[in-house]
There are 2 protein chains.
Amino acid sequence: MSEKRNPSGFLVKQRAFLKLYMITMTEQERLYGLRLLDVLREEFRPFGYRPNHSEIYKALHDLIEDGVLEQVKKKKEGMKLQEVVYYRFAGENGHEKAKKYKRQLKVELDRCQSMIQKAVRDNFGIK
Amino acid sequence: MSEKRNPSGFLVKQRAFLKLYMITMTEQERLYGLRLLDVLREEFRPFGYRPNHSEIYKALHDLIEDGVLEQVKKKKEGMKLQEVVYYRFAGENGHEKAKKYKRQLKVELDRCQSMIQKAVRDNFGIK
DNA sequence: TAATGAACATAGTGTTCATCA
DNA sequence: TGATGAACACTATGTTCATTA
């Protein structure tokens with residue numbers, strides 16, 4: 001009978017975290033999949049976090065399904081004749097949806113912050 | 001060829017998070033499985049995190065395998081004749097191992113804090 | 001009925017493979 | 001070879017079932 005599974009509400013999932021970055025990076029500069037991956041790996045190297053390529057693609061595809069992003073296939077910058085997939089906000093309200101998603105994620109990140117802070121206090125706090 | 005699978009190094013896993021709490025709670029007061037669960041659910045209710053019972057048991061069993069905790073079966077406090085499983089640090093060096101685990105988790109929690117802070121800055125920062 | 005634990009099932013995510021330019 | 005995407009496989013975790021007191 002297809003019971004829905006309840007998440008226990010632990011920390012934010014990697015997928016959601018990446019979707020958030022995909023949106024922000026779309027707001028900032030136009031990049032394609034593997035470049036986004038490189039940028040993120042570079043940014044998070046000091047933290048020991050190294051996402052892999054399929055998570056990036058899944059995050060992007062999720063956002064397409066959510067009606068947030070759409071693809072723009074282009075010849076790669078410069079010489080080669082290789083086709084590459086860039087992203088922009090979808091149609092009329094893609095950017096609105098994106099902003100909404102970001103607001104949710106802000107709440108979620110704040111929640112995670114609080115939980116971890118609590119854990120530090122509870123397990124390592126003075127007293 | 002049984003290749004080892006690499007975690008990408010995203011946030012701390014629920015299991016590790018709970019093991020940390022199990023250790024600290026063992027340092028503080030003696031409790032048994034389902035009571036630990038109740039306490040944690042109560043503590044994290046404001047954060048929308050509600051662990052389930054099997055995660056607690058798995059965390060405790062992990063710690064036994066790690067040589068950190070051992071079981072003490074006792075009649076439940078008060079009247080009933082029900083047997084309940086309490087925990088204490090195992091043998092000679094259980095508590096040492098526990099402290100070591102906690103040190104690792106402290107590093108890990110700090111790392112998570114930083115990553116989330118970075119995400120907040122990167123995606124919502126002023127500028 | 002409360003407690004413990006295991007078995008089972010699904011979601012999350014890492015690895016490999018296929019295809020194309 | 002770089003890029004994209006899907007298929008596949010394993011891990012993390014949630015749900016259900018069995019057993020006992």
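First the proteins, then the strands, lettered A, B, ... as listed; each starts at 1. What you see is a predicted model, and the numbers here were worked out from it, not measured in a lab.
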Nearest to the A:V85 side chain among D:dT4, C:dT15, D:dT13, which nucleotide is it?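 Within the option list, the nearest is D:dT4.
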Taking the minimum atom-to-atom distance to the side chain of B:L34, which one of C:dA3, C:dG14, D:dG5 wins?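 Nearest nucleotide to the side chain: C:dA3.
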So, under a plain 3.5 Å distance rule, would you say the side chain of [X] forms a donor-acceptor pair with the base of [N]?
| X | N | result |
| --- | --- | --- |
| A:S8 | D:dT13 | no |
| B:S54 | D:dT15 | yes |
| A:R5 | D:dT15 | no |

Among A:L60, A:V68, A:L31, A:D62, the one residue meeting side-chain contact (heavy atoms from CB on, under 4.5 Å) with A:M22: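 Going through A:L60, A:V68, A:L31, A:D62 one by one, the side-chain contact (heavy atoms from CB on, under 4.5 Å) with A:M22 is satisfied by A:L60 alone.
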Return each pair, listed once, that meets side-chain hydrogen bond (donor to acceptor under 3.5 Å, both in side chains) where at least one residue sits in residues 46-58 of chain B; pairs must be two or more places apart or across chains.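 Applying side-chain hydrogen bond (donor to acceptor under 3.5 Å, both in side chains) to every pair that reaches into residues 46-58 of chain B, excluding sequence neighbours, yields B:Q14-B:Y49, B:R15-B:E55.
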Could you state the [atom1]-[atom2] distance from [X] to [N], rounded to the nearest angstrom?
| X | N | atom1 | atom2 | result |
| --- | --- | --- | --- | --- |
| A:D38 | D:dG2 | CG | C1' | 11 Å |
| A:K73 | D:dT4 | NZ | C1' | 9 Å |
| A:L36 | D:dA3 | CG | P | 11 Å |
| B:L31 | C:dA2 | CG | P | 18 Å |
| B:E83 | D:dT19 | CD | C1' | 13 Å |
| A:E55 | C:dG12 | CD | C1' | 7 Å |
| B:R41 | D:dG14 | CZ | P | 11 Å |
| B:Y86 | C:dA3 | OH | C1' | 11 Å |

Does a side-chain heavy-atom distance below 4.5 Å link A:E65 with A:H61? no
Can you find a heavy atom in the side chain of A:E96 that is under 4.5 Å from one in the side chain of A:K99?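 Yes - at least one pair of side-chain heavy atoms lies under 4.5 Å apart.
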Hey, what are the protein-to-nucleotides 17-20 of chain C N/O distances that come in under 3.5 Å?
none

Any residue meeting side-chain hydrogen bond (donor to acceptor under 3.5 Å, both in side chains) with B:E92, in chain and number order, not counting sequence neighbours: none
Using a 4.0 Å cut-off on heavy atoms, which residues in residues 58-69 of chain A reach DNA chain C? List them by number, or say none.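 Within residues 58-69 of chain A, the residues near DNA chain C are A:K58.
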Flag the pair A:D38 and A:R41 as a salt bridge only when some basic side-chain nitrogen lies within less than 4.0 angstrom of an acidic carboxylate oxygen.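 Salt bridge absent between A:D38 and A:R41.
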Euclidean distance, [Y] [atom2] relative to [X] [atom1], rounded to 0.5 Å:
| X | Y | atom1 | atom2 | answer |
| --- | --- | --- | --- | --- |
| B:Q113 | A:F47 | CD | CZ | 11.5 Å |
| A:Y32 | A:Q71 | OH | CD | 15.0 Å |
| A:E108 | A:L11 | CD | CG | 8.0 Å |

Within the pair [X] and [N], is there a side-chain N or O less than 4.0 Å away from OP1 or OP2?
| X | N | result |
| --- | --- | --- |
| B:Y32 | C:dA3 | yes |
| A:Q71 | D:dG5 | yes |
| B:N52 | D:dG14 | yes |
| A:Y57 | D:dT4 | yes |

Residues of residues 13-27 of chain A with any non-hydrogen atom less than 4.0 angstrom from an atom of DNA chain D: list those, numerically ordered, please.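 None, since no heavy atom is under 4.0 Å.
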Apply ring-ring contact (aromatic ring centres under 6.0 Å, His included) to A:Y87 and list each qualifying residue two or more places apart in sequence or on a separate chain. none
Do the side chain of A:R88 and the main chain of A:E70 share a donor and acceptor less than 3.5 angstrom apart? no
Closer than 3.5 angstrom, by distance alone: can the side chain of A:K102 be matched with the main-chain N or O of B:N123 as a donor-acceptor pair? yes
